[in-house]
Number of protein chains: 2
Amino acid sequence: MKPQETSLLGYAMLGILQQQPLSGYGLRKIFAATPLMAFSDSPGAIYPALERLQQRGLIRGRIQKGSGLRRRRVFKLTPQGLVHLRRWLEKPVTREDVVRGADGLLLRFSFMDGGLGRAHSARFLQALEKELAAYIPGLREFLKSPPGEMPLSGRLALESGVEGYEALLHWARRGRAVYRKELRGDAL
Amino acid sequence: MKPQETSLLGYAMLGILQQQPLSGYGLRKIFAATPLMAFSDSPGAIYPALERLQQRGLIRGRIQKGSGLRRRRVFKLTPQGLVHLRRWLEKPVTREDVVRGADGLLLRFSFMDGGLGRAHSARFLQALEKELAAYIPGLREFLKSPPGEMPLSGRLALESGVEGYEALLHWARRGRAVYRKELRGDAL
DNA sequence: AGGTTCATGTAACCCGTTACATGATTTC
DNA sequence: GAAATCATGTAACGGGTTACATGAACCT
C-alpha cells in the first residue's frame, strides 16, 4: 500500500501553483481556458483536491481580503510541496508510463522547465525517445499478426494508436533538437 | 439526471461480446493482451461491470460446465444490448467528443464495421475529419498567443497535443480512402 | 503432493462527476 | 434592483484500483 498517491489533477495543480500562486477559482479558469489539458474545471473536483493537498502539507492557502475584494483563498506551494512536485518530475520514464498513454508524460514535461530546468527537460525527451523507440516495434508487430482476424475498422483503430506513438516520437526528437539549440546559447 | 450511462469499459465489453460470446476471464485476457486499449484486466473492474450490464438487461450469461471444464459464465449480448451498442455507435461526432480526446472515438470506430457496417464507418471518418478540421485551427491559434508567457516545455507539450490531433486527421483521411476502395469492390 | 493456470468473486478506498447551495460584488 | 460574474463549498453517486479470498483443474 503506497503511503499517499497524488492524482494527475493534483500534480497539475501543484505544477501550476509553482508557477504562480492562485485561488481555486483561478485554477478553474486556467483549466477551463486551456484546451489539450483535459482537466475539469468543476468545483467538485478542484476544491476537494485543494483540501487534500493542503492536508498533506503540500500547499498552503491564505485568505486574501484586501481592498474590497471578495474573500478568496490564494494557495501556494510549501517547501514540501515543491519537493513532492520535483520528485514526480524527476521520475524516470518507464515503459509503463508509455503504455498508459501520453497524458501523464506530457503533463510532467510541461512543468519540467519551471521545476527542474531545461537541461533536465532535454534529458527527459531523450529518455522518452528511447522508450518509444523500444516500444513501437512491438506494436507494429502486433498489428501485423493480430490474434484472430479483426474487422477493418478495428485494425485501423489500432493503427491510429500506433501512429499516435510515432507522432510522439517525432515530436520528442524535434523537441530535443530545440533544446540543443537553446542550451548551446544559454549559460551552462 | 440521465437514466443510466454506460462507461467506456462497459461499451468495450459490449463491443467485444458482440463479436464473440466470452467469459469474464476471456475478456480479461483480451484486455491484457491488447495494447493500445488501456482497459484494466483486473477482476475488480470487469466482474462488477458485467454484473451491471446484466442487471440492465444488455447481456446475459449462462453457466457452461460441459465436459469437465471449470465452471464459467459465458456472456452474450441480448437484443437490447445490441440496440444499446448500436445507439452508441450511431451517435454523431461532436466537438465535445473531439475535445475529450481520441480514446472514446477510436473505441467506437473499432466496433463500427461489426456493429453497423463499413458504409457507416466511412461516414464516421468523414464526420470526424470535419470536426477535426474545424477544431485544429483554434488550437493553433491558441498556441500562437498563449495567455501569459509559458516555459518552453509547456509550449512544446501543447504542441504535442495539437500534433496528435493533426495525426488523427491524417489517419482519418487515409482511412476513408481505404474504405472508398473497399466499398467500390463490395456489394453495395 | 504442490505449484501454476483457470476462473470468479468481494470489500475498502479514492476520487471525479453532477448537481445543488450560498453569498458577495460588479454591471446594466 | 435584477442579472451576471466572482468565489467557495457540499452531498450523492458511480465506478475504477488494489488487495484479498476461494476453489477447481491441470501439470510434474
Side-chain angles (χ1 to χ4, degrees), chain A residues 1-14 21-33 37-56 59 61-75 96 99-101 103-104 107, chain B residues 1-14 21-33 37-56 58-59 61-75 96 99-101 103-104:
Chain A
M1 191 178 293
K2 291 118 188 181
Q4 287 275 38
E5 296 262 343
T6 304
S7 68
L8 271 194
L9 174 63
Y11 281 120
M13 296 195 302
L14 288 178
L22 277 175
S23 65
Y25 192 75
L27 286 168
R28 286 185 62 197
K29 274 191 299 185
I30 288 183
F31 287 142
M37 278 214 301
F39 294 107
S40 89
D41 62 328
S42 80
I46 281 157
Y47 291 107
L50 283 170
E51 208 46 57
R52 284 193 299 271
L53 291 176
Q54 178 157 283
Q55 225 80 61
R56 291 173 52 197
I59 60 176
R62 46 189 62 169
I63 285 96
Q64 205 184 55
K65 50 156 71 165
S67 68
L69 288 167
R70 319 153 193 76
R71 75 142 173 6
R72 37 182 227 143
R73 301 169 66 196
V74 175
F75 293 88
E96 228 192 305
V99 172
R100 296 221 200 234
D103 286 6
L107 185 67
Chain B
M1 193 178 294
K2 291 120 188 183
Q4 286 277 39
E5 297 261 340
T6 303
S7 69
L8 271 195
L9 174 63
Y11 281 121
M13 297 196 302
L14 288 178
L22 277 175
S23 65
Y25 192 73
L27 286 168
R28 285 184 64 196
K29 275 192 298 187
I30 288 183
F31 287 143
M37 278 213 301
F39 293 108
S40 88
D41 61 329
S42 80
I46 280 158
Y47 291 106
L50 283 170
E51 208 45 57
R52 285 193 298 271
L53 292 176
Q54 178 156 300
Q55 224 80 58
R56 290 172 53 193
L58 304 178
I59 61 177
R62 44 190 63 168
I63 284 98
Q64 206 184 53
K65 50 157 71 164
S67 68
L69 287 168
R70 319 151 192 77
R71 89 182 176 314
R72 36 185 228 141
R73 300 171 67 195
V74 175
F75 292 89
E96 226 192 306
V99 172
R100 295 219 200 237
D103 286 6

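Just so it is clear: chains get the letters A, B, ... in the order the sequence lines come, proteins before strands, and each one is counted from 1.
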To the nearest angstrom, the CD-C1' distance between B/E51 and C/dT10 comes to 12 Å

Taken to the nearest whole Å, CG/A/L8 to P/C/dC15 is 12 Å

Note: contacts of residues 41-50 of chain A with DNA chain C (heavy atom, under 4.0 Å) are A/S42, A/G44, A/A45

Worksheet item: Is any side-chain N or O of A/Y25 closer than 4.0 Å to OP1 or OP2 of D/dC6?
Response: yes

In terms of heavy-atom contacts, A/L107 and A/L8 come closest through CD2-O, 3.6 Å

With sequence neighbours left out, the residues meeting side-chain hydrogen bond (donor to acceptor under 3.5 Å, both in side chains) with A/E96 are A/R100

query = Looking across every strand, which nucleic acid part, if any, lies under 4.0 Å from A/R28 by heavy atom: base, sugar-phosphate, or nothing?
reply = base

Closest non-hydrogen contact found for B/L27 with B/M13 is CD1-SD, 4.0 Å

Sorted by chain and number, sequence neighbours left out, side chain to side chain contact (heavy atoms under 4.5 Å, CB included) with A/R52 holds for A/P48, A/A49

B/F31 CZ to D/dG16 C1', in whole Å, measures 13 Å

Across all chains, not counting sequence neighbours, the side chain to side chain contact (heavy atoms under 4.5 Å, CB included) partners of B/E51 are B/Q54, B/Q55, B/R73

Heavy atoms of A/F31 and A/L9 approach each other most closely as CE1-CD1, 3.9 Å

Whole-Å distance, B/R52 CZ to C/dG9 P, equals 14 Å

A/Y11 meets the ring-ring contact (aromatic ring centres under 6.0 Å, His included) criterion, sequence neighbours left out, with A/H84, A/W88

Contacts of B/Y25 meeting ring-ring contact (aromatic ring centres under 6.0 Å, His included) (sequence neighbours excluded), chain-then-number -> none

From CZ of B/R72 across to C1' of D/dG23 the rounded distance in Å is 17 Å

NA contact type, A/R73, heavy-atom cut-off 4.0 Å: base, sugar-phosphate, or nothing?
-> sugar-phosphate

note: B/Q55, atom CD; D/dG14, atom C1'; distance rounded to Å ~ 15 Å

As a check of understanding: the bend across the helix from C/dA1-D/dT28 to C/dC28-D/dG1, end axes from five pairs, rounded to 10 degrees, works out to 20°

note: A/Q54, atom CD; D/dG9, atom C1'; distance rounded to Å ~ 14 Å

Give a yes/no on whether any side-chain N or O of A/S23 is located under 4.0 angstrom from OP1 or OP2 of D/dA7. no

Whichever of B/F75 and B/R100 has the more 5' nearest nucleotide on DNA chain C, that residue is B/F75

Contacts satisfying side chain to side chain donor-acceptor pair (under 3.5 Å) that involve residues 37-50 of chain A (not counting sequence neighbours) are A/S40-A/S42

Whole-Å distance, B/Q64 CD to C/dT8 P, equals 10 Å

